[in-house]
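Encoded as structure tokens, the structure appears first; notes follow it.
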Amino acid sequence: MKQVVLTGIKKMEMVEVAAPIITSADEVKIKLKVIGVCGSDIHYYSEGRIGSQVVEFPFPVGHECSGVIVEKGENVDHVNIGDLVVVDPSVYCGVCDQCLAGRPHTCRSNKFLGCPGQLDGCLGEYIVLPGFTCFPVTGTLNPVQAALIEPLSIGLYAVKLAALANNKQSVAIFGAGPIGLSILLKLKADGVKNIGMVEPLAYRLEKALEIGAEYGIQPNIEDVEAKVSAMNELLLDVVFEASGEQDAVDNALKVLKPGGKLILVGIPPDALYTFNMDLMRRNEITVVNVRRQNDCVEEAIELVQSGKVNAELMVTHQFKLEETDKAFDIVEGYKDGAIKAMITFD
């Protein structure tokens, strides 16, 4: 089959490899339909690592995907051959302390699609995974919608962890990339109205306002603290940091009211943040870390199926598998108004 691999920093190549085969009665073989380019893929592309997870080249990344079941093991009965499925890229053991505690996303032996040292990514024509990773959506979602469920589920999980007291609380999101917009889509579906978006790129800020942010701030040309204060005299109840930038963390702490919550969703390039502990301690700010998602895939599917969330609003580009290097270059460089790029097979 055809597969695209990273061969070095900002280098990709299409190769021919053997198609994966089913080796267990619990597995399925999936023919890929759509693959989303994720921010974590871009970290591997541009830096070769995310923290301690270091790429050994060549390596295929990619984990946001949808596809059609073409083969299944005899123990798999919840999907049928020909079904379009949403793929949850996390393979957990189900028996460790974390799994038994309802935390499969922090499974002690978790293996994740496109994560170095764990599983090869989905940037190819076929993948084989345990059947439990697949959610059938035939006739209710299209392949692009299905591939967007994974990033949308992260937005849902971030909002879940924020535990807003009600839909009247004041909120801001730093970063109008796919995850920040997924958070925004979920908040809007929940009826939250007082939502600000902080984003330096004008075209991304415009998209957030189109989706429903009440106001936007460009931190590179505006004073974030002054503008938030003008909109919310008592400052904010919750801030979602979805950019991975130190400046965003610094500004977030300035605009949170005492007792506020800072939800960290973005991935910092150097795996480090510093915090103003004077502000943190005096205002008793709660910091919550978000690790991917936990038990939010089905809710994300239902939100899109119901029409309450239009995840396709964030899609700006579509490419063929042969154009994957172009897709990564455009997303990594914020070129051509890129927000969400999808690799399609049709």
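FYI, side chains are in, hydrogens and waters are out, and symmetry mates aren't considered; it's all heavy atoms of this structure. Keep in mind that what you see is a predicted model, and the values were worked out from it rather than measured.
Within 6.0 Å of atom CD in Glu16, more than 12 heavy atoms from other residues, nucleotides or ligands are found, so the atom counts as buried in its surroundings. For Glu233, the CD atom is loosely surrounded, since the number of other residues' heavy atoms within 6.0 Å does not exceed 12. Under a cut-off of 6.0 angstrom, the local environment of NZ in Lys111 is sparse, with at most 12 non-hydrogen atoms contributed by other residues, nucleotides or ligands. The neighbour count for Ile221 CD1, taken as heavy atoms of other residues, nucleotides or ligands under 6.0 Å away, is above 12. The environment of Lys10 atom NZ is sparse: at most 12 non-hydrogen atoms of other residues, nucleotides or ligands sit within 6.0 angstrom. More than 12 heavy atoms of other shown residues, nucleotides or ligands fall within 6.0 angstrom of atom CD in Gln305. Atom NZ of Lys326 sits in a sparse spot, with 12 or fewer heavy atoms from other residues, nucleotides or ligands closer than 6.0 Å. With a 6.0 Å radius and a threshold of 12 heavy atoms from other residues, nucleotides or ligands, Tyr203 has its OH atom above the threshold.
A donor-acceptor distance shorter than 3.5 angstrom exists from the side chain of Ser66 to the backbone of Pro143, with no hydrogens or angles considered. Here the side chain of His78 pairs a donor or acceptor atom with the backbone of Gly131 at under 3.5 angstrom. The backbone N or O of Pro258 lies less than 3.5 Å from no partner atom in the side chain of Arg282, so there is not a single donor-acceptor pair. Although no hydrogens or angles enter the test, the distance criterion places a donor-acceptor pair under 3.5 Å between the side chain of Asn166 and the main chain of Gln169. In this structure, the side chain of Glu199 engages the main chain of Ala176 through a donor-acceptor pair within 3.5 Å.
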Q | Candidate pair Gln293 and Asp88, rule side-chain contact (heavy atoms from CB on, under 4.5 Å), full reasoning | A | CA-CA 10 Å; Gln293 66 85 26; Asp88 179 353; 3.6 Å; yes
Q.
Under the criterion side-chain contact (heavy atoms from CB on, under 4.5 Å), I'd like the reasoning laid out for Ile50 against Ile267: C-alpha separation, chi angles, the key distance, then a yes or no.
A. CA-CA 8 Å; Ile50 296 177; Ile267 300 174; 3.8 Å; yes
Q: Tell me, with the steps shown, if Leu256 and Asn283 meet side-chain contact (heavy atoms from CB on, under 4.5 Å).
A: CA-CA 8 Å; Leu256 278 164; Asn283 289 334; over 6 Å; no
Q.
Determine whether Lys168 and Asn194 satisfy the following criterion, side-chain contact (heavy atoms from CB on, under 4.5 Å), listing intermediate values before the conclusion.
A. CA-CA 7 Å; Lys168 294 181 175 58; Asn194 188 354; over 6 Å; no
Q: Check the pair Tyr44 / Gln53 against side chain to side chain donor-acceptor pair (under 3.5 Å), numbers first and verdict last.
A: CA-CA 9 Å; Tyr44 292 133; Gln53 296 168 326; 3.2 Å; yes
Q) Yes or no on side chain to side chain donor-acceptor pair (under 3.5 Å) for Asp26 and Asn75, after CA distance, side-chain angles and deciding distance? A) CA-CA 5 Å; Asp26 298 314; Asn75 291 346; 3.1 Å; yes
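Put simply, Leu209 and Met231 are part of two different groups of oily side chains (I, L, V, M, F, W, Y) that touch within less than 4.5 Å, one to the next. Put simply, Phe57 and Leu113 are part of the same group of oily side chains (I, L, V, M, F, W, Y) that touch within less than 4.5 Å, one to the next. In terms of hydrophobic clustering, with Ile, Leu, Val, Met, Phe, Trp and Tyr side chains grouped at heavy-atom distances under 4.5 Å, Ile149 and Leu181 are assigned to a common cluster. Both Ile263 and Val159 are assigned to one and the same hydrophobic cluster, defined by single-linkage of ILVMFWY side chains at heavy-atom distances under 4.5 Å. Hydrophobic clustering, with ILVMFWY side chains joined whenever heavy atoms are under 4.5 angstrom apart, groups Met314 together with Val309.
His63 is listed as a side-chain neighbour of Ser40, based on a closest heavy-atom distance under 4.5 Å. Residues Arg291 and Arg103 form no side-chain contact, since every pair of their non-hydrogen atoms from C-beta on lies 4.5 Å or further apart. Side-chain atoms of Lys257 and Asn232, non-hydrogen and from C-beta on, never get closer than 4.5 Å to each other. You'll find the side chain of Tyr126 reaches within 4.5 Å of the side chain of Val70, heavy atoms only. Residues Met342 and Leu148 are in side-chain contact: their nearest non-hydrogen atoms beyond the backbone lie under 4.5 Å apart. Contact of the Thr344 side chain with the Lys320 side chain is registered, since non-hydrogen atoms from C-beta on lie closer than 4.5 Å. For the pair Ser229 and Leu235, the minimum side-chain heavy-atom distance is below 4.5 Å. Between Asp120 and Phe59 there is a side-chain heavy-atom pair separated by less than 4.5 Å.
With rounding to the nearest 0.5 angstrom, the OG atom of Ser90 is 9.5 Å from the CD atom of Glu150. Here the CG atom belonging to Leu156 is positioned 9.5 Å from the CG atom belonging to Leu187, to the nearest 0.5 angstrom. Distance check, rounded to the nearest 0.5 Å: NE2 of His105 to OG of Ser153 gives 11.0 Å. Atom CD1 of Ile42 sits about 9.0 Å away from atom CG of Asp329, to the nearest 0.5 Å. Remark: Gln118 CD to Asn110 CG distance equals 6.0 Å, nearest 0.5 Å. Taking OG of Ser46 as the start and CG of Asp41 as the end, the distance is 10.5 Å to the nearest 0.5 Å.
By the 4.0 Å N-to-carboxylate-O rule, Lys261 lies too far from Asp237 to be salt-bridged with it. Between Asp190 and Lys186 there is a salt bridge, with a side-chain nitrogen of the basic residue lying less than 4.0 Å from a carboxylate oxygen of the acidic one.
When all heavy atoms are compared, the tightest approach of Ile9 to Glu47 is CD1-C, 3.5 Å. The two residues Lys72 and Asp77 come nearest to each other via the heavy atoms NZ-CA, 4.3 Å. Residues Ala19 and Lys29 come closest through the heavy atom pair CB-NZ, 4.1 Å. Counting all heavy atoms, side chain and backbone alike, Leu201 lies closest to Gln218 at C-NE2, 4.4 Å. Taking all atoms of both residues into account, the shortest heavy-atom contact from Ile127 to Cys122 is CG2-CA, 3.9 Å. The heavy-atom pair separating Leu236 from Ala172 by the smallest distance is CD1-CB, 3.4 Å.
Applying the salt bridge (charged side-chain N to carboxylate O under 4.0 Å, His left out) rule to pairs touching residues 213-222 yields Glu222-Lys227, sequence neighbours excluded.
Using a 30° and 60° split on the angle between ring planes, Tyr45 and Phe328 fall in the perpendicular class, above 60°. Ring planes of His317 and Phe319: parallel class, angle under 30° (limits at 30 and 60°).
With sequence neighbours left out, the side-chain contact (heavy atoms from CB on, under 4.5 Å) criterion links Asp83 to Ile69, Val79, Asn80, Val85, Pro136, Thr138.
Between Val87 and the choices Leu129, Val28, Ile35, the side chain to side chain contact (heavy atoms under 4.5 Å, CB included) rule is met once, by Leu129.
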